[in-house]
S.K.: 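Would you mind keeping the following structure in view while I ask a few things?
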Amino acid sequence: MTNATAVPVAGPGPAASGPVADADERTRDRVLAAVLEHGPVSAAELGDMLGFTPAAVRRHLDHLSRAGVIEVKRLAKPGTGAGRPARRYVLSSQGQSSLGNDYLDIAALALQQLQKVAGPDAVRAFAEERFADMERRYAPEIEQAGPDIRDRATALAAALTRDNFVASAASIEAKAPLPAALSSVQLCQGHCPIQQLAARFPVFCDVETEVFSRLVGVDVRRLSTLARGGHVCTTHIPTGRLPAKPATVPAAAPASLDEVINHQQERP
């Protein structure tokens, strides 16, 4: 299990109490944490992970669905032909919001005003300053993982999880007739602490992707983000390339926020 924050879930109708209700609530927290970490995930997979019977896990999934914190995604299994898509569970927007927004509404208003006064370059400078701290903190342990890109991606996922991004790294090996160069790691983040902010200012996602690329040492590509409606943030990290070079950690952000604002104000 991860260190994911438990989301209080209130079911419809009168609140129950007593040992049975408490046990059910703890079990639902475990189910919800598993959906957060592994989603999109099926009921059968959750049962295997948590040691529940199919009937028990579906009962808790139904409760969480009624509470609005998870939702069903119908996804076709990779490599299969036409057929009925499988039911997979992911956190809903309400479930993501329940994890806390850290004054994001106030931050969004402040950034809107900053953009109005100093232009979009000032917002990007703010995002770069924010993620420069992440890069400085993560770089030493990712360097310690060595030159292998898979190991670096795994180290990055562990660092992100400590910061409540609930991340995982899954290797995908290209099999013949596909060339080995197409092998990759899919880095997934089940939670984004600034999701609402990034939805209004996508530059936060762009800058984060650039940081990931420098840390693992190869060009990476964002496949989906929570901020743009995805059920997870997914970053494609190619592994069938040359070993990663040491990440260059900036001593400071490329341009301070004050410098950008002054530059904007000096424009005729």
S.K.: Give every donor-acceptor pair under 3.5 Å between a side-chain atom in residues 40-50 and any protein atom, sequence neighbours left out.
M.R.:
unit_1	atom_1	unit_2	atom_2	d
Ser42	OG	Glu45	N	3.1
Ser42	OG	Glu45	OE1	3.3
Glu45	OE1	Ser42	N	3.0
Glu45	OE1	Arg88	NH1	2.8
Glu45	OE2	Arg88	NH1	3.1

S.K.: Taking C-beta and beyond as the side chain, do Ser184 and Ile237 meet within less than 4.5 Å on heavy atoms?
M.R.: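 Side chain of Ser184 against side chain of Ile237, heavy atoms only: no contact under 4.5 Å found.
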
S.K.: Any side-chain heavy atom of Arg150 sitting closer than 4.5 Å to one from Ser183?
M.R.: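 The answer is yes; the side chains approach within 4.5 Å.
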
S.K.: Looking only at heavy atoms, what is the nearest atom pair of Thr225 and Cys205, with distance?
M.R.: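 That would be CG2-SG, 4.2 Å.
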
S.K.: A side-chain contact here means heavy atoms from C-beta on lying under 4.5 Å apart; do Glu135 and Leu215 qualify?
M.R.: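 When only atoms from C-beta onward are counted, Leu215 and Glu135 do touch, with a gap below 4.5 Å.
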
S.K.: In this structure, would Leu64 and Val72 fall into the same cluster of hydrophobic residues linked by side-chain contacts under 4.5 Å?
M.R.: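 Same cluster.
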
S.K.: What are the two closest heavy atoms between Tyr89 and Ser65, and how far apart are they?
M.R.: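 Heavy atoms only, the tightest pair is CE2-OG, 4.3 Å.
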
S.K.: How about Val216 and Val185: do any of their side-chain heavy atoms sit closer than 4.5 Å?
M.R.: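 No. Closest side-chain heavy atoms not under 4.5 Å.
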
S.K.: Quick one: do Phe204 and Phe126 satisfy side chain to side chain contact (heavy atoms under 4.5 Å, CB included)? Show the steps, please.
M.R.: CA-CA 9 Å; Phe204 281 87; Phe126 178 87; 3.7 Å; yes

S.K.: Between Ala167 and Ala157, which heavy-atom pair has the shortest distance, and what is it?
M.R.: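 Closest pair (atom of Ala167, atom of Ala157, distance): CB-O, 3.5 Å.
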
S.K.: Okay, side chain of Ser224, backbone of His231: is any donor-acceptor separation there less than 3.5 Å?
M.R.: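 Pair absent, no side-chain N/O of Ser224 close to backbone of His231.
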
S.K.: So does Arg137 pair up with Asp133, basic N to acidic O under 4.0 Å?
M.R.: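 Yes, Arg137 and Asp133 are salt-bridged.
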
S.K.: If you compare all heavy atoms of Ala155 against all heavy atoms of Ala145, which two are closest, and at what distance to 0.1 Å?
M.R.: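 The pair with the smallest heavy-atom distance is CB-CB, 4.0 Å.
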
S.K.: Could you check whether the rings of His60 and Phe52 sit parallel, tilted or perpendicular, using 30° and 60° as the cut-offs?
M.R.: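 Plane angle between 30° and 60°, so tilted.
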
S.K.: Could you tell me if the side chain of His63 sits less than 4.5 Å from the side chain of Val31, heavy atoms only?
M.R.: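 A side-chain contact under 4.5 Å is absent here.
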
S.K.: Return the minimal non-hydrogen interatomic distance between Arg152 and Ile142, and the atom names on each side.
M.R.: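 For Arg152 versus Ile142, the nearest heavy atoms are NH1-O, 3.8 Å.
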
S.K.: Using side-chain heavy atoms (C-beta onward) and a distance below 4.5 Å, is Ile194 in contact with Arg130?
M.R.: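 Touching, per the 4.5 Å side-chain cut-off.
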
S.K.: Excluding sequence neighbours, so at least two apart, what forms salt bridge (Lys or Arg N to Asp or Glu O under 4.0 Å) with Arg124?
M.R.: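 Applying salt bridge (Lys or Arg N to Asp or Glu O under 4.0 Å) to Arg124 gives Glu128, Glu210.
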
